[in-house]
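Below is one structure, written out as structure tokens; comments come after it.
These numbers come from a predicted model, not from an experiment. Atoms within a ligand are numbered from 1 in the order they appear, just like the ligands themselves.
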Amino acid sequence: MITLSVIKADVGGYVGHSSSHPKVLERAKECMEKALRDKLLVDFHVTRCGDDLQLIMTHQRGEEDEAIHKLAWDTFLECTKVARELKLHGAGQDLLAEAFSGNVKGMGPGVAEMEIEERGAETIIIFMADKTSAGAWNMPLYKMFADPFNTIGLVIAENMHGGFRFEIHDVKEHRKITLNAPEEIYDMLLFMGAPSRYAVKAVYHRGSDEIAAVSSTQRLALIAGRYVGKDDPVCIVRSQGEFPAVGEVLEPFTNPFLVEGWMRGSHHGPLMPVALRESNPTRFDGPPRVIAAGFQLSGGKLVGPRDMFDDPSFDKARQIANEIADYMRRHGPFEPHRLPLEAMEYTTMPQVVRKLEGRFVALE
Ligand code: 13P
Ligand code: 13P
Ligand code: MG
Ligand code: MG
């Protein structure tokens, strides 16, 4: 068995929240190299999406392993030192806990992990987003694994015809529900259609029970009780064979659907699929970005990455995203560009409201 762990955090932005400094990535690689020499890891790949540092690791220690989580946490601390030396913006931004306590979940970083028996050809796509929230994967995961207009394999591939099982987390009430596609899609969409509260944590093949996808569902604002930056989630998807083909996995991103995030984490904007080198959100600190790193696993070794959105067939999606960005921006501080009031409670708005509290008078 091999475990793929993707653990990410924003440890400091360069410049502002737009990107990552090469020296931060270098330090992360040094930490990972050491773990490789110590035989803790089988392989690793360090990358970034916007200002978020991404540690992609393979090992044989299973999910939620203390040593792996500690390695990630210590790496983020080391990288924060570099960020502080360079006085990067928001150094240590996502490291909410004082000290490591066994598991990085609930401490700020985002986590997506899956333990798998590597197939003859193990195709993996890792999606990483910046300037958006956990829950952003709901629509694409629905399309990949439940929508035959996206994934023709659900119709014509015998090994996918039985459908997929969705594990959906209620991130506010800390509970979960599992629902089956296709027969329960109307129930599923009731929850998945509200991504600020319900996030798809995992998807399973109903015939083999194999894990098909897993995402990070950590909500920074709910952990911190205040706004500290967006979750900027990640999602691992297995592809080919009994899972959707690479093109079926990428297809949902041709529609730059609206997500929450963007400037000050307080707006709705289109999710723009880009090549890694273009994941530097600058316009109004956005619009939100998603990158896709493709790998073949070979004995746990990460063969790759291929930069999957680095393809002219996604130019149109980027163009539409820019048009939507223009249109949404013209709403300025008005909803639905600005998030609804309930969501604004997890931004910097409460302080302003508190200041004006005494100015309100009762209506006649
Ligand atoms: P190839 O014939 O290139 O392997 O493609 C098969 C396939 O299923 C593409 O979706
Ligand atoms: P990040 O969550 O990517 O740090 O962005 C924070 C922000 O406020 C951007 O305007
Ligand atoms: Mg940041
Ligand atoms: Mg970010």
Side-chain angles (χ1 to χ4, degrees), residues 6-25 28 46-55 76 79-80 82-84 86-96 107-112 126-137 195-196 215-235 259-274 276-291 293 325 328-329 332-333 337-339 343-352:
V6 182
I7 307 187
K8 53 81 50 185
D10 177 344
V11 297
Y14 167 66
V15 169
H17 291 283
S18 67
S19 194
S20 307
H21 197 282
K23 287 200 167 147
V24 171
L25 278 95
V46 170
T47 188
R48 58 146 197 119
C49 179
D51 62 358
D52 289 84
L53 175 60
Q54 311 282 347
L55 308 177
F76 294 140
C79 293
T80 298
V82 178
R84 292 225 160 93
L86 299 170
K87 292 180 76 176
L88 298 183
H89 184 68
Q93 177 179 287
D94 289 357
L95 309 183
L96 302 177
M107 297 175 73
V111 185
I126 302 173
F127 293 99
M128 297 160 264
D130 189 29
K131 305 296 177 272
T132 188
S133 305
W137 310 119
S196 62
S215 79
S216 65
T217 49
Q218 285 73 25
R219 298 277 298 194
L220 273 173
L222 295 182
I223 296 167
R226 65 189 157 86
Y227 179 65
V228 282
K230 270 307 189 206
D231 316 317
D232 300 338
V234 293
C235 183
V259 295
E260 67 170 67
W262 210 347
M263 175 60 77
R264 297 176 189 275
S266 308
H267 294 80
H268 284 122
L271 187 64
M272 183 190 269
V274 292
L276 166 61
R277 65 175 179 280
E278 292 178 336
S279 70
N280 311 298
T282 49
R283 181 186 178 182
F284 199 58
D285 286 5
R289 303 300 155 103
V290 56
I291 61 170
M328 294 301 281
R329 281 301 301 128
H337 183 27
R338 199 185 77 181
L339 296 188
M344 294 297 288
E345 281 167 26
Y346 297 99
T347 67
T348 43
M349 196 187 79
Q351 287 104 290
V352 181

Can you sort out which atoms of ligand 2 are near D10, meaning under 4.0 Å from one of its heavy atoms?
-> 1 (P), 4 (O)
Of all N/O/S atoms in D130, the name of the one nearest the Mg ion (ligand 4) = OD1
Which atoms from ligand 2 have a heavy atom of M263 less than 4.0 Å away?
-> 10 (O)
With the Mg ion (ligand 3) at the center, what angle do OD2 from D51 and OD2 from D10 span, rounded to 10 degrees?
-> 90°
D231 side-chain N/O to P233 backbone N/O, donor-acceptor pair under 3.5 Å = no
Closest to the Mg ion (ligand 4), among the N/O/S atoms of D52, is atom OD1
Which atom of H17 is nearest the Mg ion (ligand 3), counting N, O or S only? It is ND1
Identify whether the distance between the nearest side-chain nitrogen and carboxylate oxygen of D52 and K8 falls below 4.0 Å.
-> yes
Distance-only polar pair, side chains of R338 and S266, donor-acceptor under 3.5 Å = no
May I ask you to establish whether R226 and Y346 are in a cation-pi arrangement, using a distance under 6.0 Å from NZ or CZ to the six-membered ring centre and at most 45° from the ring axis?
-> no
Could you tell me which atoms of ligand 2, counted from 1 in the order shown, lie closer than 4.0 angstrom to a heavy atom of Q93?
-> 1 (P), 2 (O), 4 (O)
Element-labelled atoms of ligand 2 that are located less than 4.0 Å from some non-hydrogen atom of G229 = 2 (O)
Where is the nearest protein heavy atom to atom 3 (O) of ligand 2: which residue, which atom, and how far?
-> K131 NZ, 2.6 Å
Pick one of side chain, backbone, both or neither for how F284 approaches ligand 2, counting any non-hydrogen atom pair under 4.0 Å.
-> neither
Between K230 and E260, is the closest basic N to carboxylate O distance under 4.0 Å?
-> yes
For D232, what is the atom name of its N, O or S atom nearest to the Mg ion (ligand 4)?
-> OD2
Tell me, which protein residue and heavy-atom name are nearest atom 2 (O) of ligand 2, and how many Å apart are they?
-> K230 N, 2.6 Å
Would you call K131 and D51 a salt bridge, using N to O less than 4.0 angstrom?
-> yes
Can you see which heavy atom on V11 is nearest to which on C79, and at what distance?
-> CG2-CB, 3.9 Å
Which residue owns the protein heavy atom closest to atom 10 (O) of ligand 2, what's the atom, and how far is it?
-> D285 OD2, 2.6 Å
Note: ligand 2 atoms sitting under 4.0 Å from heavy atoms of D232 are 1 (P), 2 (O), 3 (O)
Between H89 and H17, does the ring centroid distance fall short of 6.0 Å?
-> yes
With side-chain hydrogen bond (donor to acceptor under 3.5 Å, both in side chains) as the test, would you mind laying out the steps for T348 and R264 before giving the verdict?
-> CA-CA 8 Å; T348 43; R264 297 176 189 275; 5.5 Å; no
Looking only at protein heavy atoms, which one is nearest to atom 6 (C) of ligand 2, and how far off is it?
-> Y227 OH, 3.4 Å
Which class fits the ring pair W262 and H337: parallel under 30°, tilted 30 to 60°, perpendicular over 60°?
-> perpendicular
Residue part near ligand 2, for H17, under 4.0 Å between non-hydrogen atoms = side chain
